[in-house]
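All chains are named by letter (A, B, ...) in the order of the sequence lines, taking the proteins before the strands, and each is independently numbered beginning at 1. The structure presented is a predicted model; accordingly, all values stated were derived computationally and were not measured.
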Amino acid sequence: VPGDRDLPIDIVADRNQGNLRANVMTYTGNVVITQGTLHIEGQEVVVYRNDNNEISRLVASGTEPAWVADQFDLDEPITRLEGQTVTYDAETGVITAQGSARLQQGRNIATAHYIRYNQETDDFESNFRAPDGSEGERVSMCLTNEEENGQTADRPASCQNIR
Amino acid sequence: MAWRWGLPLLAIGLSVLGLWWSARTTPLAPVVTEESAALPQLRMQGIERVTVKADGTWVSTLTASAAEYYSANDELWLTQPIVRAAGTPPNHLTADTARVQQGQHWLLTGNVVVTNDPDHPTPLVIHTEQLQYDTASQLATTEQAVNIRQGERMNTDAIGMTLNLETMEFDLHEHVRSTFRPDQ
């Protein structure tokens, strides 16, 4: 939601390790990160800070899918992006998910090996190949249109196999 | 034949002579009773100890408002110790009291504060109520609540910590809660 990025980032975890002088530290064990409506969860989250001690990037990963959820405007549905590794770039607002990636906004869903979502512009890209060259699941998408009368249509048959 | 017995007898004789001589010249070692072991052998007020390397490079400065030394277990008790230790960057350690065993194993108790890079505009400040610190390994550990703060920007609370005071590698053991504030 606008203004969230000026709010403090809170992190709760079982454990925290790193080097107090370096700008990288790792939180492990049921890690939950919140900043306004932004919500990130993972078994392990590596936090990168810039020289102003501000968080510049968060990389969440874990045995279960790590995920990021956020509501980008008060009248918009929550957007949730999950994957084996989810990266949140706090400076650009870009979120990427890699490995069984899944993006859901309201009832619309996209799945692929790699998904990149830009909070600022609402653009997203999904691909069977990630920038690091790894490949995986092809792109699948399920977009549910609103009916004229505001009723939401049933999910089309093609969406049945979307996870 | 005489040789075969002579040498051992000579050795025994010499050692008996040696024993008699050392017993005669060495003052009787003070008998350590329970009461005397509980009393400090040395009491000092307002101490300052500066440690430097052979080439004169400063290593650390220890000051304390009072100190007591117990020779029975080679233990130094310090009141309001302040340790300034060289390093890149330096560390600054204070506490209400400290017990130092064999000059190496510290147990700091009461308002223990470690400040890394004290001259930095936003130094890293670690606070706990009890800290064990080993000067040989440079490891400081606690099982108590610990708070780490860096200016107004970063604040972390946890239970239990292991910290290498030389490399600043750290491990917060459980119940970690951090807050990072963006630049306003």
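Of the atoms belonging to Gln150(B), it is side-chain heavy atoms, and not backbone ones, that fall under 4.5 Å from chain A. For Asn16(A), the parts lying near chain B are the backbone and the side chain together; criterion is any non-hydrogen pair under 4.5 Å. Contacts of Ile148(B) with chain A are made by side-chain atoms alone, with heavy-atom separations under 4.5 Å and no backbone atom involved. Residue contact with chain B, scored on non-hydrogen atoms closer than 4.5 Å, involves the backbone and the side chain of Leu20(A) alike. Proximity to chain A is absent for every atom of Thr162(B), based on heavy atoms less than 4.5 angstrom apart. Interface residue His173(B): backbone and side-chain heavy atoms are both found under 4.5 Å from chain A.
One hydrophobic cluster holds both Val31(A) and Met25(A) under the rule that ILVMFWY side chains link at heavy-atom gaps under 4.5 Å. In the hydrophobic clustering of this structure, Val139(A) groups with Leu103(A); members are Ile, Leu, Val, Met, Phe, Trp, Tyr whose side-chain heavy atoms approach within less than 4.5 Å, directly or through other members. Under the 4.5 Å side-chain heavy-atom criterion for grouping Ile, Leu, Val, Met, Phe, Trp and Tyr, Leu62(B) is connected to Tyr69(B) within one hydrophobic cluster. Tracing side-chain contacts under 4.5 Å through hydrophobic residues (I, L, V, M, F, W, Y), one reaches Phe124(A) starting from Val86(A); they form part of the same cluster. With hydrophobic clusters built from ILVMFWY side chains whose heavy atoms lie under 4.5 angstrom apart, Val50(B) does not share a cluster with Met44(B).
Nearest heavy-atom pair across Phe170(B) and Asn19(A) is CE2-N, 3.6 Å.
Between Tyr27(A) and Thr156(B), some side-chain heavy-atom pair lies under the 4.5 Å cut-off. Looking only at side-chain heavy atoms (C-beta outward), Phe180(B) and Ile11(A) come within less than 4.5 Å of each other.
Looking at Asp171(B) and Arg15(A), a side-chain N of the basic residue comes within less than 4.0 Å of a carboxylate O on the acidic one, giving a salt bridge.
Counting non-hydrogen atoms of neighbouring residues, nucleotides and ligands closer than 6.0 angstrom, the CD atom of Glu48(B) exceeds 12 such neighbours. Residue Asp123(A) qualifies as enclosed at atom CG: its count of foreign heavy atoms under 6.0 Å is above 12.
The candidate from Arg21(A), Gln17(A), Gln35(A), Arg49(A) with the greatest count of non-hydrogen atom pairs under 4.5 Å with chain B is Arg21(A).
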